[in-house]
S.K.: 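Take a look at this one; I'll ask things after.
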Amino acid sequence: MDNKLKHVAVPSSEITSESAYFSRRDWLKTMGIASAATLLAACAPRGTGIGSGTTVSPTPGIPIPDSAPGGVSDELGDPANRFEEITNYNNYYEFTTDKEGVARLSEGFQTSPWSVEVGGLVHNPKTYAVEDLLRFEQKERVYRLRCVEAWSMVIPWQGFELGDLLQEVEPMSSAEYVAFTTLYDPGQYPGQSGPFYPWPYTEGLRLDEAYHRLTLVATGLYGQPLPNQNGAPLRLVVPWKYGFKSIKAIVKIELTEQRPETLWNTIAPGEYGFYSNVNPGVDHPRWSQASERRIGELNRRATLMFNGYSEEVASLYTGMDLSVDY
Ligand SMILES: Nc1nc2c(c(=O)[nH]1)N[C@H]1C(S)=C(S)[C@@H](COP(=O)(O)O)O[C@H]1N2
Ligand SMILES: [Mo]
């Protein structure tokens, strides 16, 4: 891990192998006592359990599900949101537009077997079983997630760098963009029967954004396999962009020469740009992006340029006018 990455990854103990990843999960399973204590802490009234610095002090790199007050924080010192918050306040329109209803509706979602087709302008197109993707080095990343609706959370993910996968399939020199597609299955996704959205959900990145080391394919959070409501079995996480770029339940990754169409940009190009980098200086036409509400907090906080990741990503946009290319 280089210094650049250390700056954003707290705790900095990236998991180095699949076996370490699984033995850590075994450890979690056997820690019944710690978990019980944490569950009690999670019952504290909203707003008091976060960042109160109470007693749970997990071994660095071993976050405890259900909440870890004082345990896991981002590189700015802000504590991770509780597991309960992260898994009960979700945007996942394939299920419902009700954020608090996604958890229940997604309970029976089938994530196995699952495969991801990686193709387009690559020398080695391949369809991967999810299990096959776990062999890429699994890392821990504590990232802020800033929704375009002006709320945010801090989430401790596990996953692998998208760049590791791209390297393996070898993009052709003509490839400029990466297009992502979510599962299309109206039988499992009640929302996909509605007429309002051009399903399946699609997203896209420029190739250099896709290769950036912060760009993660998440396979879990808080040391657990990815919950269905958060995009199981695997979803993109691009922490310097608005949350809708971080597409869930991916079944297809395609390298293209042309900029791909994406769901939100197709519906409302004036509101949701292709780049959608978090930018407090460029308001949404219908609301300000200058501040945000961190879930679990009462006061609003200032939104940071590139969601606080400028040092890492600003150079990707040198020479661009970000108020035009928003
Ligand atoms: N397939 C799909 N991916 C999606 C969405 C969605 O509705 N469908 N919502 C997006 C939005 S708007 C946000 S803010 C994040 C929310 O992720 P979370 O529920 O894990 O916090 O997922 C993004 N990925
Ligand atoms: Mo969002």
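Each ligand, and each atom within it, is numbered from 1 in the order the structure gives.
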S.K.: For ligand 1, note which part of Val148 has a heavy atom under 4.0 Å away: side chain, backbone, both or neither.
M.R.: neither
S.K.: Heavy-atom pairs closer than 4.0 Å: do any link ligand 1 to the side chain of Thr182, the backbone, both, or neither?
M.R.: side chain
S.K.: Examine ligand 1 and decide if any of its atoms is less than 4.0 Å from a heavy atom belonging to Gly231.
M.R.: no
S.K.: May I ask you to decide whether Glu209 forms a salt bridge with Lys241, counting only side-chain N to carboxylate O separations under 4.0 Å?
M.R.: yes
S.K.: At what distance is the nearest protein heavy atom to atom 7 (O) of ligand 1, and which residue and atom is it?
M.R.: Tyr93 N, 2.8 Å
S.K.: Under 4.0 Å, heavy-atom basis, I'd like to know which part of Arg235 is in contact with ligand 1: side chain, backbone, both or neither.
M.R.: side chain
S.K.: Do Trp151 and Tyr92 belong together in a cluster built from hydrophobic side chains that touch within less than 4.5 Å?
M.R.: yes
S.K.: Within ligand 1, which atoms have a heavy atom of Tyr92 less than 4.0 Å away?
M.R.: 6 (C), 7 (O), 8 (N)
S.K.: List every atom of ligand 1 that sits less than 4.0 Å from any heavy atom of Cys147, numbering the atoms from 1 in the order shown and giving each element.
M.R.: 14 (S)
S.K.: For the ring pair Tyr189 and Tyr93, is the centre-to-centre distance below 6.0 Å?
M.R.: no
S.K.: Has Lys245 got its NZ or CZ under 6.0 Å from the middle of the six-membered ring of Phe180, at an angle within 45 degrees of the ring axis?
M.R.: no
S.K.: Taking the ring centre of each residue, are Tyr197 and Trp264 less than 6.0 Å apart?
M.R.: yes
S.K.: Which bit of Tyr201 gets closer than 4.0 Å to ligand 1, counting heavy atoms only: side chain, backbone, both or neither?
M.R.: side chain
S.K.: Under 3.5 Å between some N or O of ligand 1 and some N or O of Glu94?
M.R.: yes
S.K.: Is any NZ, NE, NH1 or NH2 atom of the basic residue among Glu75 and Arg144 found under 4.0 Å from an Asp or Glu carboxylate oxygen of the other?
M.R.: yes
